[in-house]
Amino acid sequence: TAGVDLQANWMKEFKNGGAFYMNHLLSYLDRYDTRTTPTDPVFHYKGTLGNSGQYDYRLNSTFGYRFKGDKANVGIRFRYLPEVKNAAFVTAPNTPILPTKAYNVFDLFAGYDINQRYQLRGGIDNLFNTDPAVVGALPNDSNSSSTLPAYYDPLGRRLYVGFKMQF
């Protein structure tokens with residue numbers, strides 16, 4: 001395995017006491033090669049869903065605003081997965097299985113510190129109700145595909161609310 005993870009964080013504080021922040025994480029995969037024994041052929045998984053999903057790269061970004069006094073915040077997260085070939089491509093490069101298209105998901109979140117002991121938080125995961133990506137599709141066959149819930153959200157939009165109390 002060879003690759004690079006790059007992370008960038010930035011925050012701009014304003015005179016009113018609020019602050020805008022960004023966080024970006026880019027994971028780039030240069031190669032992911034395996035073989036079972038020293039005499040077996042080497043399999044190149046980069047850019048495929050094989051061996052637990054070896055995307056060429058992945059991007060996760062968060063944009064948020066922290067309000068004056070650090071009691072409240074609001075933000076949005078963005079996850080991007082590029083187009084990726086099916087796992088079958090590793091051993092059969094001429095496979096008719098179509099690649100999985102690029103995938104974008106946005107999550108909205110907010111939080112409020114009522115006081116030092118109580119915190120309220122909530123959000124909307126999969127804000128735009130993005131359908132999961134189709135994995136393993138064959139041309140002209142609508143029954144040949146499914147999804148991978150580890151990467152692509154099969155649940156759709158969902159809301160959550162949490163309350164934290166410290167003792």
Side-chain angles (χ1 to χ4, degrees), residues 1-33 44-87 89 98-137 146-167:
T1 301
V4 176
D5 291 329
L6 299 171
Q7 182 169 341
N9 299 314
W10 180 81
M11 183 169 54
K12 168 68 176 169
E13 294 189 23
F14 299 105
K15 292 179 183 179
N16 70 359
F20 175 75
Y21 62 91
M22 293 188 296
N23 170 274
H24 306 285
L25 175 61
L26 174 69
S27 295
Y28 170 77
L29 183 63
D30 185 46
R31 65 181 162 82
Y32 191 97
D33 301 335
H44 307 286
Y45 285 96
K46 179 185 186 263
T48 74
L49 287 172
N51 213 7
S52 300
Q54 304 304 322
Y55 294 87
D56 289 330
Y57 65 95
R58 299 185 222 190
L59 176 64
N60 292 290
S61 292
T62 302
F63 301 88
Y65 187 80
R66 188 185 70 217
F67 293 91
K68 179 180 180 178
D70 291 341
K71 287 186 158 274
N73 68 336
V74 64
I76 191 162
R77 279 185 295 271
F78 167 65
R79 181 175 50 133
Y80 177 78
L81 297 172
E83 181 175 286
V84 64
K85 295 174 185 155
N86 190 273
F89 180 82
L98 300 171
T100 302
K101 293 182 180 177
Y103 189 68
N104 301 290
V105 174
F106 292 87
D107 302 323
L108 186 66
F109 63 90
Y112 181 72
D113 293 338
I114 298 167
N115 58 36
Q116 289 183 338
R117 291 186 60 193
Y118 304 108
Q119 180 188 57
L120 183 63
R121 67 185 185 285
I124 305 170
D125 287 345
N126 196 349
L127 181 63
F128 300 115
N129 203 25
T130 304
D131 288 334
V134 174
V135 173
S146 61
T147 191
L148 292 175
Y151 299 109
Y152 308 109
D153 181 3
L155 299 176
R157 181 184 304 122
R158 56 206 176 276
L159 307 170
Y160 65 91
V161 175
F163 181 75
K164 179 179 175 182
M165 182 171 41
Q166 296 181 21
F167 296 95

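Basis for what follows: all heavy atoms, side chains included, without hydrogens, waters or symmetry-related copies.
Of all non-hydrogen atoms in Tyr160 and Leu108, the two that sit nearest each other are OH-O, 4.3 Å. In terms of heavy atoms, Ala133 sits closest to Thr100 at CB-CG2, 3.6 Å. Counting all heavy atoms, side chain and backbone alike, Phe20 lies closest to Gly64 at CD1-O, 3.2 Å. A pairwise comparison of heavy atoms in Asn126 and Val105 identifies CA-CG1, 4.0 Å as the closest pair. Nearest heavy-atom pair, Pro154 versus Pro149, reported as atom, atom and distance to 0.1 Å: CG-CB, 3.7 Å.
Within the 4.5 Å cutoff, no side-chain heavy atoms of Asn60 are placed close to those of Asn23. Side-chain atoms of Phe109 and Thr62, non-hydrogen and from C-beta on, do get closer than 4.5 Å to each other. At a threshold of 4.5 Å between non-hydrogen side-chain atoms, the residues Val74 and Phe67 count as touching. Counting only heavy atoms from C-beta outward, the side chains of Glu13 and Arg66 approach each other to under 4.5 Å. Taking the side chain as every heavy atom from C-beta outward, Val135 and Asn86 approach each other to under 4.5 Å. At least one side-chain heavy atom of Phe163 sits under 4.5 Å from a side-chain heavy atom of Ile114.
Scored by the side chain to side chain contact (heavy atoms under 4.5 Å, CB included) test, Lys12 finds Trp10, Phe14 as partners (sequence neighbours excluded).
Rounded to the nearest 0.5 angstrom, Thr130 OG1 and Asn104 CG are separated by 7.0 Å. For the atom pair CG of Asp56 and OG1 of Thr48, the computed distance is 9.0 Å after rounding to the nearest 0.5 Å. Remark: Tyr45 OH to Gln54 CD distance equals 9.5 Å, nearest 0.5 Å. Put simply, CG on Leu127 and CD1 on Ile76 are 5.5 Å apart, with the number rounded to the nearest 0.5 Å. Remark: Asp33 CG to Asn51 CG distance equals 10.5 Å, nearest 0.5 Å. With values rounded to the nearest 0.5 angstrom, Asp131 atom CG is found 8.0 Å from Tyr103 atom OH.
The pair Arg158-Asp153 meets the salt-bridge criterion, with a side-chain N (NZ, NE, NH1 or NH2) lying under 4.0 Å from an Asp/Glu carboxylate O.
Side chain of Arg117 to main chain of Gln166: a donor-acceptor pair is present (N/O by atom type, distance under 3.5 Å, no hydrogens or angles). For the pair Asn115 (side chain) and Tyr118 (backbone), a donor-acceptor distance under 3.5 Å is present. Side chain of Arg77 to backbone of Gly75: no donor-acceptor contact under 3.5 angstrom is found.
Dense packing is recorded around CD of Gln7, with more than 12 heavy atoms of other residues, nucleotides or ligands lying under 6.0 Å away. Counted within 6.0 Å of NZ on Lys164, heavy atoms from surrounding residues, nucleotides or ligands total 12 or fewer; the atom is thus considered open. Few gaps surround NZ on Lys46; more than 12 heavy atoms of other groups in view lie less than 6.0 Å from it.
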Side chains of residues 24-31: which donor-acceptor partners sit under 3.5 Å, not counting sequence neighbours?
from  : atom 1 : to    : atom 2 : distance (Å)
His24 : ND1    : Ser61 : OG     : 2.7
Ser27 : OG     : Asp5  : OD1    : 2.8

(message) Between Phe78 and Phe106, is the ring pair (Phe, Tyr, Trp, His ring centres under 6.0 Å) condition met? List the steps.
(response) CA-CA 5 Å; Phe78 167 65; Phe106 292 87; 4.9 Å; yes

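The aromatic rings of Tyr152 and Tyr55 sit perpendicular, their planes meeting at an angle over 60°, well past the 30° parallel limit.
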